[in-house]
Number of protein chains: 2
Amino acid sequence: MPPREPAHLKPRKQPRQARAVATVEAIYEAAIQVLLTRDASQFTTTQVAERAGVSVGTLYQYFPHRRALLHALSRHYLGRVADQVEAVCAAHHGAPPDRMVEALVGAYWDAKIDRNDVARAVYRSAVAFDSAALMAGFRDRLTTATRSMLQSAPGLTKTGEEAISTILLPVIFGTVREMCEQDPPGLVKAEVRRELVALCTTCLEGRLRPGAFDARASRD
Amino acid sequence: MPPREPAHLKPRKQPRQARAVATVEAIYEAAIQVLLTRDASQFTTTQVAERAGVSVGTLYQYFPHRRALLHALSRHYLGRVADQVEAVCAAHHGAPPDRMVEALVGAYWDAKIDRNDVARAVYRSAVAFDSAALMAGFRDRLTTATRSMLQSAPGLTKTGEEAISTILLPVIFGTVREMCEQDPPGLVKAEVRRELVALCTTCLEGRLRPGAFDARASRD
DNA sequence: ACCTGAACACCGTTCAAGT
DNA sequence: ACCTGAACACCGTTCAAGT
C-alpha cells in the first residue's frame with residue numbers, strides 16, 4: 001500500500017451502490033477529456049460535471065474540491081503504471097543485464113506511450129496543482145523496483161548499481177515524457193525507443209565486471 | 001527573428017515611456033513568483049497585478065488576457081535559453097566531438113538549472129495553457145543549432161549525425177527537465193550532469209568513423 | 001445512499017474616468 | 001501615454017431539498 005494522501009486531498013466518500021461507481025468512473029473519464037482540450041485552464045468543475053452527465057453537486061459529493069479530483073486521477077493512473085513496471089522488474093530478477101534494461105525501458109514506454117492521451121492529461125494535471133509528493137512516491141516505487149532488479153544482475157558491483165540508478169531513471173523518465181508531449185510520428189518514436197534502449201544498455205555495460213559481458217555475448 | 005505569434009496571443013501594446021517598461025518588468029517578475037506558489041491555479045491576474053503593485057487594468061493594457069501573459073513570459077525566457085545554446089554551438093563548430101557534446105549539455109544545463117525557479121515557472125505555464133507551437137519553435141532552434149554543429153564534426157557521417165540528433169536532444173531535454181522539477185541535492189545533480197555528458201559522449205563515439213577517435217584520445 | 005440546482009464569493013475582463 | 005477601480009459574467013463550492 002502506498003502512503004495515505006494528506007487529508008485535504010482525500011476523496012470525500014467511496015461510492016457504495018453500483019450507479020455511484022458508474023458516476024465516479026464517468027467523472028474520471030470526463031476529467032481526462034477536459035484536460036486534453038487546448039487550454040487546461042478551461043478545466044472547470046462545471047465542464048467536467050456537464051461532460052460526465054451529472055450535476056456539480058454530485059461531483060462535490062466525491063471530491064472535496066477541484067484539486068482533489070486531479071489528485072485522485074493522477075494517483076489512480078500512476079499507481080497502474082507503477083504496478084506494471086514493478087511486475088516486469090520482478091520478472092527479470094537474475095536476467096542478463098541487457099535484457100533487464102530492455103524490459104525496464106519497454107515497460108515504462110508502453111505504459112506511458114500506449115495511453116498517450118491519459119499520460120498527457122496526467123502530466124498536465126500534475127503541474128496544474130502541486131503534485132510533488134505524488135510524483136516523488138511514484139519515482140520511489142520505480143527506483144526501488146529497478147534497483148532491486150539490478151542488484152540481482154550477474155557481474156554488477158554495488159557502486160555500479162548505485163551510479164546507474166542515479167542516471168538511468170531520470171534519462172528514461174525524461175525521454176519518455178518528451179515523447180508523450182511532442183508526440184512525433186510513429187517511426188520517429190520507434191527510433192527513439194530503440195536508441196534509448198541502446199543508450200541505456202551501453203551505459204550499463206560500462207559498469208559490469210569484465211567477465212559479465214559473457215552473459216550478453218550469447219545473444220546476438 | 002522567430003515567427004510571429006498568433007494574433008490572439010500578441011501583447012496588446014509595447015511600453016514607450018520608461019515607467020511603462022518598469023511596469024511590464026514588474027508584471028513578469030510577479031508572474032514568475034505567483035507561478036511558483038504551491039497551487040498554480042492560484043495564478044490569477046488579480047494576484048499578479050497586486051504583487052506587481054499595479055491595478056488589473058494596467059495589466060490588461062499590455063496583455064489582452066491571462067494566457068497572453070503566460071505566453072509572453074515563456075517566449076521571453078525560451079528565447080534567451082535558445083540564444084545561449086546557439087552561441088555555444090556556433091563557438092564549437094569543428095571542435096572534437098566529445099567537446100561538442102560537453103558544451104551542448106553544459107549550455108543547456110546551465111541555462112535551465114541556474115535559473116531553476118524561472119525554468120520551473122515556465123514549465124508550469126507551458127502546460128497551464130497550450131504552448132505546443134512555442135515549444136516546437138524552441139526545439140527547432142536548438143535542433144538546427146545542434147545539427148549544424150555536429151555536421152562540422154570530423155569523422156561523423158551524415159546518417160550518424162541524423163541518428164544522433166534524433167536521440168540526443170530528447171534525452172538531454174528530458175533529463176534536464178526531470179532535474180528541474182525534482183530539484184534534488186546539489187551533489188546528486190552534479191552526478192547526473194556528469195553521467196549525462198558521459199552517456200551522450202559514448203553515444204556519439206559509437207557513430208564516429210574509426211579514425212576519428214584520435215581527436216579525442218589526445219585529451220585525457 | 002445518492003442526486004439536484006439555486007445561491008454566494010471570487011476571478012477574468014472591460015471601460016469610463018482620471019493624470 | 002499611462003494608470004485606476006467599479007462593474008458584469010462566469011466558475012468554485014455549499015447546502016437545503018428531493019428520490
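Within every chain, numbering begins at 1; the chains are lettered A, B, ... in the order of the sequence lines, protein sequences first and strands thereafter.
- For Lys13(B) and Val56(B), each mapped to the nucleotide of DNA chain D holding its nearest heavy atom, the one lying further toward the 5' end belongs to Lys13(B).
- A heavy-atom distance below 4.5 Å is not found between the side chains of Val48(A) and Arg66(A).
- Note on Thr44(A): only backbone sugar-phosphate atoms sit closer than 4.0 angstrom, heavy atoms only; bases stay farther off.
- When distances are taken from the side chain of Thr45(A) to each of dT13(D), dA1(C), dC3(C), the shortest belongs to dT13(D).
- In this structure, Leu69(A) places its CG atom 14 Å from C1' of dT13(D), rounding to the nearest Å.
- Nearest-nucleotide mapping onto DNA chain D: of Arg12(A) and Arg19(A), the residue sitting toward the 5' end is Arg12(A).
- As a whole-Å value, the separation of Tyr60(A) OH from dC8(C) C1' is 13 Å.
- In this entry dA1(C) has dT19(D) as its Watson-Crick or G-U wobble partner, both defining distances falling under 3.5 Å.
- Across all strands shown, nothing is found opposite dA9(D) as a Watson-Crick or G-U wobble partner with both distances under 3.5 Å.
- Across all strands, Thr58(A) comes closer than 4.0 Å to base atoms (heavy-atom distances).
- Arg67(A) comes within 4.0 angstrom of no nucleic acid atom, judged by non-hydrogen atoms across all strands.
- Rounded to an integer number of Å, the gap from CZ of Phe43(A) to P of dC11(C) is 19 Å.
- More than 12 non-hydrogen atoms from other residues, nucleotides or ligands lie less than 6.0 angstrom from NE2 of His93(A).
- Rounded to whole Å, atom P of dT4(D) lies 13 Å from atom CD of Glu50(B).
- Using a 4.0 Å heavy-atom cutoff across all strands shown, Phe63(B) reaches no nucleic acid atom at all.
- For Arg16(B) and dC3(D), the CZ to P distance is 13 Å, given to the nearest whole Å.
- A cation-pi contact, defined as under 6.0 Å to the ring centre and within 45° of the axis, links Arg177(A) to Tyr123(A).
- Atom CD in Gln17(A) sits roughly 5 Å away from atom P in dC2(C) (whole-Å rounding).
- Straight-line distance from the CD atom of Gln42(B) to the C1' atom of dC11(C): 12 Å, rounded to whole Å.
- Within 4.0 Å (heavy atoms only), Gln47(A) reaches no atom of the nucleic acid at all.
- Around CD of Glu50(A), the count of heavy atoms belonging to other residues, nucleotides or ligands within 6.0 Å does not exceed 12.
- Distance Gln61(B) CD to dT4(D) P: 9 Å, rounded to the nearest Å.
- In terms of phosphate contacts, Thr23(A) brings a side-chain nitrogen or oxygen within less than 4.0 Å of OP1 or OP2 of dC3(C).
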Please evaluate residues Thr202(B) and Thr202(A) with respect to the criterion side-chain hydrogen bond (donor to acceptor under 3.5 Å, both in side chains), reporting the C-alpha separation (whole Å), side-chain torsions for both, the decisive distance (0.1 Å), and the verdict. CA-CA 8 Å; Thr202(B) 309; Thr202(A) 310; over 6 Å; no
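- A donor-acceptor pair shorter than 3.5 Å can be found between the side chains of Ser165(A) and Glu161(A).
- Counting any heavy atom pair closer than 4.0 Å across all strands shown, Thr46(B) reaches sugar-phosphate atoms only and no base atom.
- Distances were taken from every side-chain heavy atom of Arg66(B) (C-beta onward) to each of dT4(D), dG12(C), dA1(C); the shortest belongs to dG12(C).
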